[in-house]
Amino acid sequence: MSDAVTPFQAPIGTHDVLGAASAEWEGMIATFAQFAYRFGFALVITPMFEDVGVFHRGIGEESEIATKEMYVFTDRGNRTHALRPEGTAPVVRAFIQHSPTTPWKAWYVTPAFRYERPQKGRYRQHHQLGVEVLGTDDPAVDVEVIALAHRFYEAVGLTKFRLLINSMGDAVCRGAYVERLRDHLAAHADQLTDEHQLTWSKNPLRLLDCKDANCVAVTNAGPMLIDFLCADCREHLNHVTAGLSSLGIASHLDPRLVRGFDYYTRTTFEFVSDALESAQNAIGGGGRYDGLAEQLGGKPTSGIGFGSGIERLLMVREAEGVTMGSLLKRDLDLFVIDTTGLDAATLLVDELRRAGFATDRAFDQRSMKAQMKVADKSGARLALLVGPREFEAGEVTIRDLRSDNFEQTQRSVARDDVVFAVGQVLTKS
RNA sequence: GUGGGCGUAGCUCAGUUGGUUAGAGCGCUAGGUUGUGGUCCUAGAGGUCGCGGGUUCGAUCCCCGUCGCUCACCCCA
């Protein structure tokens, strides 16, 4: 006797997508792919894991993600790899490795892994849609990337979201500001929360992201980067906000906006949803990373991108009660019912599928009634019946499953005319 | 990493102040209709009451542990 085996479950913080959710996912990804194509982006696929250095040098060794959230492992060849915690660094690594002509516009859809306790809208494996543009620092590209995100959100039915924007400065002005901020924090360190006692000197910008009232008070009283931008950075930011404005896209300057990765320079942005009560209200974000390629060993190359969480988008869609329906039609055209006990369905289904119709069938020799039920649930427009009578006569019965008076509209056609006949019915509706 | 809530059928949930065979709705299967779905009726299948240990004559219920889910902190998509 074998012992009962406890069934395996998906690992903590991960989830399977199937059933009703799967069409939403497929629709979300297909819609994004369509927008990316429309905006001139091509798909890029990079490995799920990289040398851990790609992320350490990219997102910053002191960042939360690098220090305690990455899935780092050693392979059998003693190489230290990390599962990708985000989408940008690997794409930039690929850019450096292959030197495509610039501007290089790439889009991606990928899982991202972070070891953290799951909660609403936060998982150990989540999925991101995003784009990157390498090789130009034209503020018009910033506008294009942000506009792509904005138009995409609109297309999937979101309405209650805001665009927050800020500038992180560049090599010229950011360093000087960080020193000033550090000095300010040093003078008020006693007012910061315990967990920030180590953070403020190592990564002072992180403090701007804190929601603790005392921290907010301290940083609000201190210097703001927006006031210390060099002339070039200031002009760049002005170009971006003006460009967005000309497209009718409102942006809200948020001088406190900083993001979780160290690689950002100049334009930084985040889309937040007002439809969510929860703490996880960011549906996407990104920014410019003009120093990243160099940090990863490449030639100095400007870059900008954004990423958006699929789980978050679907969550917000639900929270907003989007009524536009499924993003993707996934009902079948045809369902073949075969009660001959022979291989009539096998041949008919193959012919119909080759002709381009979405077609399915039942198995296991079930009764006509049972097969009809399955046909109905499949969402198919037409049922094609082949019973002994049709088989003998060389015919197929076409039944409109979406008609109120299907008895009247049911008719038989010659077996050889089926493709033509269903084509007529399906194109005129 | 820290803290709260919750684990009963595929799903959503009742229930037992500890006591024989644990329930409903939906879903699924079959029949009513010997070749016809969406309505209706009938029947059936499906549960080690998350798992392990303890207390007890007896535990799905009480206690402890554990695993998982969930929410919040932190952080982020």
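Computed from a prediction, not measured in an experiment: that's the story for all the values here. By convention in this document, chain letters (A, B, ...) are assigned in the order of the sequence lines, proteins followed by strands, and residues within each chain are numbered from 1.
- Residue-level contact check: A:Gly13 touches the backbone only, with heavy atoms under 4.0 Å from sugar-phosphate atoms and none from bases.
- Base pairing analysis places B:U55 opposite nothing; no Watson-Crick or G-U wobble pair with both distances below 3.5 Å involves it.
- With distances taken from any side-chain atom of A:Ala370 to the nucleotides B:C71, B:G35, B:A30, the minimum falls on B:A30.
- Here the P atom of nucleotide B:U29 and the CD atom of A:Gln371 are 12 Å apart, to the nearest Å.
- When the nucleotides B:G31, B:U29, B:C69 are ranked by their closest atom to the side chain of A:Arg366, B:U29 comes out on top.
- For B:C28, one of the phosphate oxygens OP1 or OP2 lies less than 4.0 angstrom from a side-chain nitrogen or oxygen of A:Lys377.
- For A:Gln295 and A:Tyr289, the side-chain atoms include no donor-acceptor pair closer than 3.5 Å.
- Proximity of A:Tyr108 to A:Pro90: side-chain heavy atoms (C-beta onward) are nowhere separated by under 4.5 Å.
- A:Leu163 places its CG atom 15 Å from the P atom of B:A77, with the value rounded to the nearest Å.
- Annotation: B:A24 and B:A45 have their P atoms spaced 12 Å apart (nearest Å).
- Side chains of A:His236 and A:Asp170: a donor-acceptor N/O pair is absent below 3.5 angstrom, by distance only.
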Atom pairs under 3.5 Å, N or O on each side, protein against nucleotides 40-42 of chain B: can you list them with distances?
none

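- Between A:Asp16 atom CG and B:G10 atom P there is a gap of 16 Å when expressed in whole angstrom units.
- B:U29 atom C1' lies 12 Å from atom CG of A:Asp364, rounded to whole Å.
- Here the separation of B:G65 from B:C6, taken at their P atoms, is 15 Å to the nearest Å.
- Here, B:C61 and B:G23 have their C1' atoms 16 Å apart, quoted to the whole Å.
- Comparing B:G10 with B:G3, their P atoms are spaced 33 Å from each other, to the whole Å.
- Under the Watson-Crick or G-U wobble criterion, with both distances below 3.5 Å, B:U20 is left unpaired in every strand shown.
- Residue A:Glu116 places its side chain closer to B:A77 than to any other of B:A77, B:C76, B:A72.
- B:C64 and B:U55 have their C1' atoms separated by 11 Å, with the value rounded to a whole Å.
- Note: A:Phe39 and A:Phe35 have parallel aromatic rings, judged against thresholds of 30 and 60 degrees for the angle between ring planes.
- Under the Watson-Crick or G-U wobble criterion, with both distances below 3.5 Å, B:U66 is paired with B:G50.
- By the 5.5 angstrom centroid cut-off and the 30-degree plane limit, A:His127 is classified as not stacked against the base of B:A77.
- Between the P atom of B:U36 and the CZ atom of A:Phe335 lies a distance of 17 Å, rounded to the nearest Å.
- Taking 3.5 Å as the limit, the base of B:G50 and the side chain of A:Gln9 contain no donor-acceptor pair of atoms between them.
- Checking B:U60 for Watson-Crick or G-U wobble geometry (two distances, each under 3.5 Å) identifies no partner in any strand.
- Distances from the side chain of A:Met372 to the nucleotides B:C74, B:G31, B:U36 place B:U36 closest.
- Ring-plane geometry between A:Tyr177 and A:Phe228 is classed as tilted, the angle between the planes lying from 30 to 60 degrees on a 0 to 90 degree scale.
- A:Ser403 comes within 4.0 angstrom of a base, heavy atoms only.
- Counting any heavy atom pair closer than 4.0 Å across all strands shown, A:Ile283 reaches sugar-phosphate atoms only and no base atom.
- To the nearest angstrom, P of B:U36 lies 19 Å from CG of A:Asp400.
- Here the side chains of A:Val143 and A:Ile249 are not in contact, with every heavy-atom distance at 4.5 Å or above.
- Distance noted for atom P between B:C26 and B:U39: 11 Å (whole Å).
- Remark: P of B:C69 and NZ of A:Lys120 are 16 Å apart, rounded to the nearest angstrom.
- Sequence order on RNA chain B of the closest nucleotides to A:Asp404 and A:Ser367 puts A:Ser367 first from the 5' end.
- Regarding contacts with the backbone of B:C74, every side-chain N or O of A:Arg122 stays at 4.0 angstrom or more from both OP1 and OP2.
- Here A:Gln119 reaches the OP1 or OP2 of B:A72: one of its side-chain N or O atoms lies under 4.0 Å away.
- Spacing between atom CD1 of A:Ile12 and atom P of B:C71 amounts to 13 Å, rounded to whole angstrom units.
- At a cut-off of 3.5 angstrom, counting only N and O atoms as typed in the model, there is a donor on one side and an acceptor on the other between the side-chain of A:Gln410 and the base of B:U36.
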Legend entry - Trace of the salt bridge (charged side-chain N to carboxylate O under 4.0 Å, His left out) decision for A:Arg353 with A:Asp350: CA-CA 5 Å; A:Arg353 287 171 178 161; A:Asp350 179 63; over 6 Å; no
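- B:A59 and B:G18: their P atoms are spaced 13 Å apart (whole Å).
- Ring planes of A:His150 and A:Phe271: tilted class, angle from 30 to 60°.
- Contact annotation: side chain of A:Arg117 to base of B:G3, donor-acceptor pair present below 3.5 Å.
- Using a 4.5 Å cut-off on side-chain heavy atoms (C-beta onward), A:Leu401 and A:Met372 make contact.
- Within the 4.0 angstrom heavy-atom criterion, only backbone atoms of the sugar-phosphate kind lie near A:Ala282; the bases stay farther away.
- Between A:Tyr71 and A:Tyr115, the ring-plane angle classifies as perpendicular under the 30° and 60° cut-offs.
- Phosphate contact (OP1/OP2 of B:C74, side-chain N/O of A:Arg206, threshold under 4.0 Å): absent.
- Neither side chain, A:Arg256 nor A:Asn166, offers a donor N or O lying under 3.5 Å from an acceptor on the other.
- Residue A:Glu390 is classed as a base contact, given a heavy-atom separation below 4.0 Å to a base.
- The nucleotide B:G31 finds its pairing partner in B:C41, both defining distances of the Watson-Crick or G-U wobble pair being shorter than 3.5 Å.
- Residue-level contact check: A:Gly121 touches the bases, meaning some heavy atom is under 4.0 Å from a base atom.
- Taking the C1' atoms as reference points, B:A9 lies 14 Å from B:G15, given to the whole Å.
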